[in-house]
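Report on one structure; see the data block that follows.
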Amino acid sequence: MGVARSDALVLFGATGDLAYKKIFPALHDMVRRGRLDVPVIGVALSGWDLERLRARVRDSLAQHGSVDAQAGDKLCRLLGYIDGDYSEAGTFARLEQALGRAERPLHYLAIPPAMFPTVVRGLGGLASTRGARVVVEKPFGRDLASARSLNGTLHQVFDEGAIFRIDHYLGKEPVQNLLYFRFANAFLEPLWNRNFVKSVQITMAERFGVNGRGRFYEEVGAVRDVVQNHMLQVLANLAMEPPVSMDSGALRDEKVKVFKSIRTLTGRSLVRGQYRGYRDADGVAKDSQVETYAAMQVHLDSWRWSGVPFFIRAGKRLPVTATEVMVELRHPPQDVFGEPQRPNGNYVRFRLGPEQVAIALGARSKKPGNAMAGEEIELHVSNTRDDEAGAYERLIGDAMAGDATLFAREDGVEEAWRIVDPVLRMATPVHPYEPGSWGPAEAEGMTAGLGGWHAPPPEA
């Protein structure tokens, strides 16, 4: 028997930035594809009415995506709006009235994390809560203790199967392609272990800075913002064992096993940096010690990956905007052609966006001529299709369908926080770096013995 689809969508924080930039365009595309035909009820405390919310939606669609006039009009017709304080019972009484006969609403909490407990408690009093689901935006806590506390609050009202902890990175087509490529192609499996893999690097680079989000970034920093969630999820997709099926439980079981195998980070395995000029941004302290760059070595204590170093780095104001995985393979066991100083050139490279999905195989080929000498070549396949479902569109649709495959589970979230928790409290130095560089020089030594960091090239 299939899982019943949500029969209403409630958007807390409907007048906020996330709804404007991401959620409304995603809902528009869901309507356009025939995937959304239920009431959409916005909730916020802004002194607005329904017509002003509809105007906000139309402006959002004009600014953040191509507009299908019919889909935009239909989305506006599906809209409802409740203006009220999340801490007042009257707000939830009006919400219950607006939901009418809906028995399985999906509540999307696009609000500051500090408001999660207040809204969850308010939802606990609704008649429809028994069949309801809830989507919780990141950051899911600030550390291990706060994540556990938030999980406890959610479980007072919702079963684990009804909780969808969203990480939009998991909904991106390139990240899903990484998982598919691994398990749909038999040729890769014999190589994908400590016997053939020398090292793994994962880089998430952004050319831009904090872009007006200085106050927010002062509260999080690079480790909390992208390492604890996005980067560790990519690592899990690379390192996990094949799941017994694509059932959400089986897939997430294997990811949690990876997280459990990762040693807790120490100060010795982390380099933090801050680009020059960050402290001049609005909302940033003049003596800020918040990192805009983080590089670290991660150790996996597992049969498949024992002894293989995994390196992660993420930073703002780097030379390109790109996320890339470089899996370097070991040298052949014997140098048959007498080229002892040659680079290895054997690798698997995954480009995970933002615009390009690419898979490349690095190899060596003979140079033309009489000599048995080689050169590095790359076999490169790229996918730049238009009109693919965006991350938020896919994830909202999955949550409404009750499919938790691309969402983080309670134990996975807590294990990810366990990995980074100690270094969040350590007074490790923050090294300055120049905008447009690849980060502080102190990070170079981390990979020096393996040929240095791989620098993702600009988009082709």
Looking at every heavy atom in both [X] and [Y], which two are closest together, and how far apart are they?
| X | Y | answer |
| --- | --- | --- |
| Arg35 | Arg394 | NH1-CA, 4.3 Å |
| Ala294 | Leu270 | CB-CD1, 4.2 Å |
| Gly84 | Arg94 | CA-NH2, 3.7 Å |
| Arg54 | Cys76 | NE-O, 2.9 Å |
| Val157 | Gly124 | CG1-CA, 3.6 Å |
| Leu61 | Gly72 | CD1-CA, 4.0 Å |

Heavy-atom distance under 4.5 Å between the side chains of [X] and [Y], does that happen here?
| X | Y | result |
| --- | --- | --- |
| Pro174 | Phe350 | no |
| Met400 | Val38 | yes |
| Ile23 | Leu18 | yes |
| Arg351 | Pro457 | yes |
| Leu395 | Val135 | no |
| Leu95 | Leu123 | yes |
| Pro422 | Met426 | yes |

[atom1]/[X] to [atom2]/[Y] distance, rounded to the nearest 0.5 angstrom?
| X | Y | atom1 | atom2 | result |
| --- | --- | --- | --- | --- |
| Leu170 | Asn237 | CG | CG | 7.0 Å |
| Leu251 | Met240 | CG | CE | 4.5 Å |
| Asp398 | Leu406 | CG | CG | 5.5 Å |
| Lys316 | Tyr433 | NZ | OH | 9.0 Å |

Okay, side chain of [X], backbone of [Y]: is any donor-acceptor separation there less than 3.5 Å?
| X | Y | value |
| --- | --- | --- |
| Glu291 | Ala222 | yes |
| Thr153 | Ser149 | yes |
| Trp453 | Ala443 | yes |
| Arg313 | Tyr293 | no |
| Asp159 | Gly161 | no |
| Trp417 | Gly412 | no |
| Ser245 | Asp247 | yes |
| Arg52 | Gly47 | no |
| Arg317 | Glu434 | no |
| Ser146 | Arg142 | yes |

Open item on the list: Restricting to salt bridge (charged side-chain N to carboxylate O under 4.0 Å, His left out), what partner residues turn up for Glu219, sequence neighbours left out?
Closed with: none
Task: Pair Ser437-Tyr275, side chain to side chain donor-acceptor pair (under 3.5 Å): steps then yes or no - done: CA-CA 9 Å; Ser437 72; Tyr275 68 81; over 6 Å; no
So that I can tick it off, tell me whether [Y] and [X] are bridged by a salt bridge, with the cut-off set at under 4.0 angstrom between side-chain N and carboxylate O.
| X | Y | value |
| --- | --- | --- |
| Arg33 | Glu393 | yes |
| Arg304 | Glu189 | yes |
| Asp17 | Lys22 | no |

With a 3.5 Å cut-off and no angle check, do the side chains of [X] and [Y] form a donor-acceptor pair?
| X | Y | result |
| --- | --- | --- |
| Glu414 | Asn151 | yes |
| Ser87 | Asp85 | yes |
| Ser46 | Thr15 | yes |

Applying side chain to side chain contact (heavy atoms under 4.5 Å, CB included), can you list everything that pairs with [X], at least two apart in sequence or on another chain?
| X | result |
| --- | --- |
| Ser288 | Glu218, Gln274, Tyr278, Arg279, Val284, Ala285, Val290 |
| Phe187 | Phe181, Asn185 |
| Ala114 | none |
| Pro432 | Arg276 |

Please table the atom pairs, donor to acceptor, closer than 3.5 Å between any side-chain atom in residues 101-108 and protein atoms at least two apart or in another chain.
residue : atom : partner : partner atom : Å
Arg104  : NE   : Arg5    : O            : 3.0
Arg104  : NH2  : Arg5    : O            : 3.4
Tyr108  : OH   : Glu137  : OE2          : 2.6

TODO: Starting from the C-alpha separation in whole Å, work towards a yes-or-no answer on ring pair (Phe, Tyr, Trp, His ring centres under 6.0 Å) for Phe310 and Trp305.
DONE: CA-CA 9 Å; Phe310 281 70; Trp305 296 113; 5.4 Å; yes
Quick one: ring-ring contact (aromatic ring centres under 6.0 Å, His included) partners of [X], sequence neighbours excluded?
| X | answer |
| --- | --- |
| Phe92 | none |
| His454 | none |
| Phe24 | none |
| Phe259 | none |

- [ ] Any pair with a residue in residues 222-235 that passes salt bridge (charged side-chain N to carboxylate O under 4.0 Å, His left out), sequence neighbours left out, goes on the list, sorted by first then second residue, please.
- [x] Lys138-Asp225
- [ ] Mark yes when over 12 heavy atoms from residues, nucleotides or ligands other than Phe216 sit less than 6.0 Å from its CZ; otherwise mark no.
- [x] yes
Task: Arg56 NZ/CZ over Tyr20 ring centroid, <6.0 Å and within 45° of normal - done: yes
Open item on the list: Less than 6.0 angstrom from the centroid, inside 45 degrees of the normal: does Arg165 satisfy that with respect to the ring of Phe407?
Closed with: no
TODO: Could you give me the CA-CA distance, side-chain angles and deciding distance for His28 and Asp68, then say whether side chain to side chain donor-acceptor pair (under 3.5 Å) is met?
DONE: CA-CA 8 Å; His28 163 272; Asp68 179 305; 5.4 Å; no
TODO: Applying side-chain contact (heavy atoms from CB on, under 4.5 Å) between Ile202 and each of Val227, Leu352, Val234, report the one that passes.
DONE: Val234
- [ ] Please step through side chain to side chain donor-acceptor pair (under 3.5 Å) for the pair Thr405 and Asp403, ending with a clear verdict.
- [x] CA-CA 6 Å; Thr405 303; Asp403 182 354; 2.6 Å; yes
Open item on the list: If the condition is side chain to side chain donor-acceptor pair (under 3.5 Å), which residues does Asp411 pass it with, not counting sequence neighbours?
Closed with: Arg409
